[in-house]
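First the structure, in the form of structure tokens, and then the observations on it.
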Amino acid sequence: MDVRRRLPPKPARPSPALGKPPSPPPASAAPAGGASVQASDALPLPIRYTNVLFSALFMVSIYFLMSQWREKIRSSTALHVLTLSELSAIVGLAASLIYLISFFGIAYVQSFISSHDDDDDFLLAAPEAAPCSLLSAGDAPEKMPVLSDDDNEELVHAVVAGKVPSYSLESKLGDCRRAAGIRREALRRITGRAMDGLPLDGFDYASILGQCCEMPIGYVQLPVGVAGPLLLDGREYFLPMATTEGCLVASTNRGCKAIAESGGGSSLVLKDAMTRAPAVRFATAKRAAELKFFLEDPNNFETLSVVFNRSSRFARFQRIQCSLAGRNLYMRFSCSTGDAMGMNMVSKGVQNVLDYLQNDFPDMDVISISGNFCSDKKPAAVNWIEGRGKSVVCEATIKEEVVKKVLKTTVPALVELNMLKNLAGSAVAGAMGGFNAHASNIVTAIFIATGQDPAQNVESSHCITMMEAVNDGKDLHISVTMPSIEVGTIGGGTQLASQAACLDLLGVKGASKESPGANAKLLASIVAGAVLAGELSLMAALAAGQLVKSHMKYNRSSKDIFNSAS
């Protein structure tokens, strides 16, 4: 009996004759493929070195055995009589062959299958919106390598009249820039709004199709400032910050200076686990509890891991936490996801487990792949307590002379302000993870600059800022603890040119070849270090009464003031 899923029905897959190839898998997911347990997992070496080792073993074994058997044929020796060296060569050949087939063969087959499976269930784009780079002349329904103004005008009229769906322009034209222009002109005629300030040219629309944005009509310009250097864990980082708030970059820069002049800060990644929590329902609460006990039984961990890890070479199942609400069961899966932020990766792993569970629990009714126990893009105590993504703590000891010289305040004033504002004040407000001055400011600015999901600043900005007087009350110890920083260095918006450049500035662009997941962890530590600098500077401004003065200087446009006065 199949599991009953209350999910949107999968759209019919268009035929090649219509020129609408299926959507590609989500960019944030790691490359599919590989068995759940690979040969490379057993060696304490990076994958590329492991591949070279087994490839060399395969070639050497083949060469040795062929040489030996040739000599036996010449000397009329029985081939089945084997020496110890020949037995070793056969074992080496078998081991290397198993590894190479496991790593490359299954990876190829699964990646091929993955391109035709349920990946588009996790995409919001219409199936017609295929990447322009994948369209060929044979696939396109209308072969239009060059379109005249009359052709464009005809298409604009068709879109306005509703005869041609706006979302299908890319697949029909095979030109993402032209499709955006036609869509924009159609929107102008429908709404009567010119949108003159929204730029159209100068952007690679093919790079966003199918993974970042649907039905584009232009792009928004956002200034990117740089703060730093931030001296963190013995290395310097210049922080790209995309923001329209005056003082933010300057204030963070001041905090970086104070940290650097005091010897730098240090950070530690406490946990790395992306989560997804499906919601299922049974006929009775007893039956739901039976599944809860099954999932949380340590004896079933290995089986669940094998099933879950089939989704990706990088997804690694860590734990599951269940919560019961009557006959409804919420299962919070946690797994590491390499250098990807990992939402699609963990969702695919969860789907594998749900499909597996239907054998023993055929009466399980899957309500949703996400039941909000994850919890994604919403303030939730579970993220504040258990963590989601990267859990990071960052600290620094600011010298007394730096507090006075750079921050223009005193250590006792900062300690008292932090207690009354960030701790007591947030408690009075009933804050959820908001025991800080403005962590979300820095998190969001770096998220936008580096291609992260800006909506995840909700849980990524969970932060408690602590300040204490140390060294006989002379110096200031400051720390930020952030349990839910959700970042990745591959997939999603990280592959766009501007965002990739900002990641490259930080030295974390793409996937880590030496240690999968290292770049994403480093980015999370940098975000926490930037928050540390931002917290330090803003709290100093508040303690010294500089906040209003600085914002009047840096965050007010004289042009706007003049226009208002006139």
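Worth saying up front: this structure is predicted, and the values here are computed from it rather than measured.
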Residue that, paired with Asp339, satisfies side chain to side chain contact (heavy atoms under 4.5 Å, CB included) out of Asn519, Thr494, Val487: Asn519
Before giving the answer on side chain to side chain contact (heavy atoms under 4.5 Å, CB included), spell out for Arg327 and Thr284 the whole-Å C-alpha distance, their side-chain angles and the decisive distance to 0.1 Å. CA-CA 5 Å; Arg327 60 192 184 103; Thr284 64; 5.7 Å; no
Check the pair Asn383, Arg388 against side chain to side chain donor-acceptor pair (under 3.5 Å), reporting the backbone distance first and the verdict last. CA-CA 6 Å; Asn383 291 338; Arg388 188 171 195 256; 4.6 Å; no
Residues Leu209 and Cys176: closest non-hydrogen pair is CD2-SG, 3.9 Å
Looking at Ser391 and Gly387, would you say the former's side chain and the latter's main chain have a donor-acceptor pair under 3.5 Å? no
Are Ile442 and Met241 close enough, and set up right, to give a side chain to side chain contact (heavy atoms under 4.5 Å, CB included), and what steps lead you there? CA-CA 8 Å; Ile442 289 85; Met241 303 176 66; 4.2 Å; yes
Side chain of Glu395, backbone of Val480: donor and acceptor closer than 3.5 Å? no
Taking only distance into account, with no hydrogens and no angle test, what donor-acceptor pairs under 3.5 Å do side-chain atoms of residues 429-439 form with protein atoms, sequence neighbours excluded?
| residue | atom | partner | partner atom | Å |
| --- | --- | --- | --- | --- |
| Asn436 | OD1 | Ala439 | N | 3.0 |
| Asn436 | ND2 | Cys463 | O | 2.9 |
| His438 | ND1 | Asn441 | ND2 | 3.2 |
| His438 | NE2 | Gly534 | O | 3.0 |

So, taking the atom named CD1 in Ile446 and the one named CD1 in Ile526, what distance separates them when rounded to the nearest 0.5 Å? 8.0 Å
List the steps, then state whether salt bridge (charged side-chain N to carboxylate O under 4.0 Å, His left out) holds for Lys377 with Glu459. CA-CA 6 Å; Lys377 302 173 184 175; Glu459 60 268 41; over 6 Å; no
Whether over 12 other heavy atoms sit under 6.0 Å from Glu416 CD: no
Paired with Leu239, the side chain to side chain contact (heavy atoms under 4.5 Å, CB included) test is passed by just one of Leu230, Val527, Thr450, namely Leu230
Examine distances only and state if a side-chain atom of Asn309 and a backbone atom of Ser305 form a donor-acceptor pair shorter than 3.5 Å. yes
Under 6.0 Å between ring centres: does that hold for Phe301 and Phe317? yes
Between Arg276 and Asp376, does any side-chain N to carboxylate O distance fall below 4.0 Å? no
So Phe373 and Tyr330, would you call those rings parallel, tilted or perpendicular, with 30° and 60° as cut-offs? perpendicular
